[in-house]
Amino acid sequence: MSYQIKKFYQTGTLTAGNRLLPSEDHCVQTDPKRHNSLDSGHRACQGCGEALGTRYAIDAAMKATNGQLIVANATGCLEVFSTPYPETSWRVPWVHSLFGNTAAVATGLAAAMRVKGKSDIRVIAQGGDGGTTDIGFGCLSGMFERNDDVLYICYDNQAYMNTGIQRSSATPAAARTATTMAVGDSPGNAFGQGKFLPTIAMAHGIPYVATATVSDLHDLEAKVKRAMEIRGARYIHILVPCPLGWGTASCDTIRVARMAKETGIFPVFEAENGEVTSVLKIRKKQPIAAYLKMQKRYVHLFKKSPKTDVIAQLQEIADDNIKKYGLLEEKCS
Amino acid sequence: MKKSFAITLDPGTSLANHTGSWRTSRPVYTNFLPPCNAACPAGEDIQGWLFHAEIGNYEKAWQSLVENNPIPAIMGRVCYHPCEDSCNRKFIDEPVSINSVERFIGDEALRNGWSFEKPKPSSGKRVLVIGSGPAGLSAAYQLVRAGHKVEIHEAGSMSGGMLRFGIPKYRLPREVLDAEIKRILDLGVTLKLNTKVTNIPEAMKAGKFDAVFMAVGAHVGKHIEIPDADANKVMDAVSVLRSMEGEEKPMLGKRVVVYGGGNTAIDVARSAKRMGATDSTIVYRRTRERMPATVSEVDEVLEEGIKIKWLSTIKHGGESEITVEKMKLDDKGFPQPTGELETLKADSVVLALGQDSDLSLLEGLSDIKIKDGMVEVGSDMMTGHSGVFAGGDMVPSDRTVAVAVGHGKKAARYIDGWLRGKAYILPPKHELASFEKINPWYYSDAPRTARPMIDMQHRQSTFDEVQGGLEETIALFEARRCLSCGNCFGCNNCYSVCPDNAVIKLGPGRRFKINLDYCKGCGLCVEECPCGAIKMVQEDI
């Protein structure tokens, strides 16, 4: 496991880093000289998980590569809120082309750097779940199977938020979106559809795949650092709650991501060469209903006659994850 | 700059876009009142001194602690620690062992000979403190530090008041008591033993004192008549405990019955056991739940093999026994007799039914009000007689060491203000840092460490100190269990979790500030602050 909790720093063990921790154990984000790859003044909503997640990840990558980094960006919220012509919030070399070709653009950037003999310059491609799991999936799969030297980061907020919250193939079952309205016999997004891209990436046998959330900064930064130590195709999938699309309070972005991890509905793990190598254990297991209740996109499950069968189905998905990835600490007998 | 085809504008930074204009409420860094501090009768800034102890700077922790309480090694042994009862950590696992850390820091100070800060320049004023118990010592310490000349007049032959004559050695070793008193005297306080004040105006005139703080305590044991009892075999608890300090130990016999349910009853019963009593029994008229003694004290007394007869009163005495009557509680919780009788063998009966103050020194001061045997004081601790203040057990309040130390400090502040002609104004209290303000996620599991205790045989037969101190590593561990409720401990969470880079880090120990040009008011910093030191405040719009 790349990140281990340091014991006996009770007041600071799980914080970004307090005065009791030696500076090497602090998160990159605590550094007053952190790069701030995504600068202030961007137009993301209050409490945006994606804006937070991207600064966490790119700042960590900038530190890992000593600032030798180019970023290719897919179309989506991240591109729109950061770079309305002629302004930009990016403080890294940054390219935007089309919605679906980001992985291919990144592949080209990496090839160009290699040809120019500048292989110390590293390339990251990034996009939302729409640009990654739907529109850009063909280019991404190609990048994986050729094992191109690119880290692809997907910021998963589980729908097309920028255009008005339409369903993507990463939208979870039962969630309300503008295209999966909470009407009819089985309201919200259908069960049995969609895909979990991290396992598809693993199936390509690429050297490194990881998931993370914005609720555990130490873990997220350690994974980006680890990814930058490896050459070849790498994939990190970060859960970034969207206050607008999920119907959560802007102050709850991190809390709801934490609940996704603590319920098991979003497994946080690391895999190398197609095999899971570590998981971030659940600290205090929570029932799925507690997670769902925080979000207005599931409010139809908790109306006058609560849809207990649907909630039970979602609980089952979480429980399956817990079993499959071993998310609970083994009980000492 | 050469522009590409169809591009007319130069690229710019988003810093031109002040997103702060979106905001409807703003985060504000605050210091809330930690519940431990709120509960401390001595007014200690517990979170404040633990903060220094957490990094192992025990001397700074001690200096911070003694701002409010000059006797931490004593307090770390005898205090009933209401701070721990209110500690927010109890909602996560168990309260922080504040009392044991206080003792550790107090002992470190004695071991290393740390000394108090030098007093302020002399004010030229003189204050008489009557009584050298915890209230008197605390007041003397605060007053001498404020620059006044202080003389303590003590009626007894030894200093310490109830610390010496009320608390047995097995809870407070005398070398600790003596060392902490000496440190106060070394600041320049004059102590006159065997000097009973009988007339305050005369004493003030004789000593040219400008103000007086009375803290004579409550040393007169309450008495009841037990029918048919041999008067020689009935003693009062205060006298028994006091005589324990002298050469002539009290003759209690083998079978001792203690009558009462407070901590004094417990102290006597435990002392009797240590002096060789085979049967030491406490008789109390109500139930265990209603016993005024501290829960941990009751546990310890039972561990040491001392029996407690609940719901019992002493009906009458006899040759070498007493007769007790069983009681039952009525609807209002008052004990009522049942008529059921029982005989207990008893060589002596010790009455521990509470204490009164000897207020003979107030004769002639008709403007000082006395109610129920206690002196009435205002919120400034001043009696009805101008310039005469009072505190400790002789005024109405809980009779504990911590309360006495708090009274001494409070009185000293008002006396200082009164002497300088500038009335002391109590600063307003911060809002309480309740557990709802805490984000418990960020605190890892760390159960409390137990204090070591000496073995039972020693506990039952000697006056050796029962509870041991903590080792350095364990004291450090305990200090670090503090949640720092409502006060920033520099964890960098707010700085890290802001999606808009709108938190400015001011450098080590200098905390943070919000950049209102860009803060959108999402509230993530408030929510993810572990200790709840930030609050959201509505903007005026």
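Note that these values count all heavy atoms, side chains included, but never hydrogens, waters or copies made by symmetry. Protein chains get the first letters and strands the later ones, always in sequence-line order, with residue 1 at the start of each.
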| query | Cation-pi between A:Arg283 and B:Trp441: NZ/CZ under 6.0 Å from ring centre and within 45° of the ring axis? | reply | yes
Do the non-hydrogen side-chain atoms of [X] and [Y] ever get within less than 4.5 Å of each other?
X        : Y        : result
A:Thr253 : B:Leu524 : yes
A:Ser40  : B:Asn515 : no
A:Thr88  : B:Thr13  : no
B:Glu527 : A:Ile254 : no
A:Arg258 : B:Glu528 : yes
A:Asp31  : B:Lys505 : no
A:Leu20  : B:Ile55  : yes
A:Tyr85  : B:Leu9   : yes

Under 4.5 Å heavy-atom distance to chain B, tell me which part of [X] shows up: side chain, backbone, both or neither.
X        : value
A:Asp59  : neither
A:Arg19  : both
A:Leu217 : side chain

| Which residue out of B:Gly509, B:Pro499, B:Pro508 racks up the most heavy-atom pairs below 4.5 Å with chain A? | B:Pro499
| query | In terms of heavy-atom pairs under 4.5 Å with chain A, which of B:Thr19, B:Asn439, B:Asn493, B:Thr8 leads? | reply | B:Asn493
For [X], is it the side chain, the backbone, both or neither that has a heavy atom under 4.5 Å from a heavy atom of chain A?
X        : value
B:Phe51  : both
B:Cys531 : neither
B:Ile7   : both
B:Asp517 : neither

| field | Enclosure of A:Lys285 NZ (heavy-atom neighbours >12, cutoff 6.0 Å) | value | yes
| Over 12 foreign heavy atoms within 6.0 Å of CD, B:Glu472 | yes
Exercise: identify the closest heavy-atom pair between [X] and [Y]:
X        : Y       : result
B:Ser14  : A:His42 : OG-N, 3.9 Å
B:Asp10  : A:Pro86 : O-CB, 3.4 Å
B:Lys520 : A:Ala44 : NZ-O, 2.6 Å

Among [options], residue most engaged with chain B (heavy-atom pairs, under 4.5 Å):
options                             : value
A:Glu262, A:Glu50, A:Arg55, A:Gln29 : A:Arg55
A:Ala51, A:Pro32, A:Ser215          : A:Pro32
A:Pro84, A:Ser89, A:Gly49           : A:Ser89

| request: Step by step, work out the side chain to side chain contact (heavy atoms under 4.5 Å, CB included) result for A:Cys251 and B:Val526. | output: CA-CA 8 Å; A:Cys251 62; B:Val526 177; over 6 Å; no
| Reported CG-to-CZ distance for the pair B:Asn501 and A:Arg34, which is rounded to 0.5 angstrom | 5.0 Å
| said: Nearest 0.5 Å, please: how far is OG1 in A:Thr15 from OH in B:Tyr443? | reply: 8.5 Å
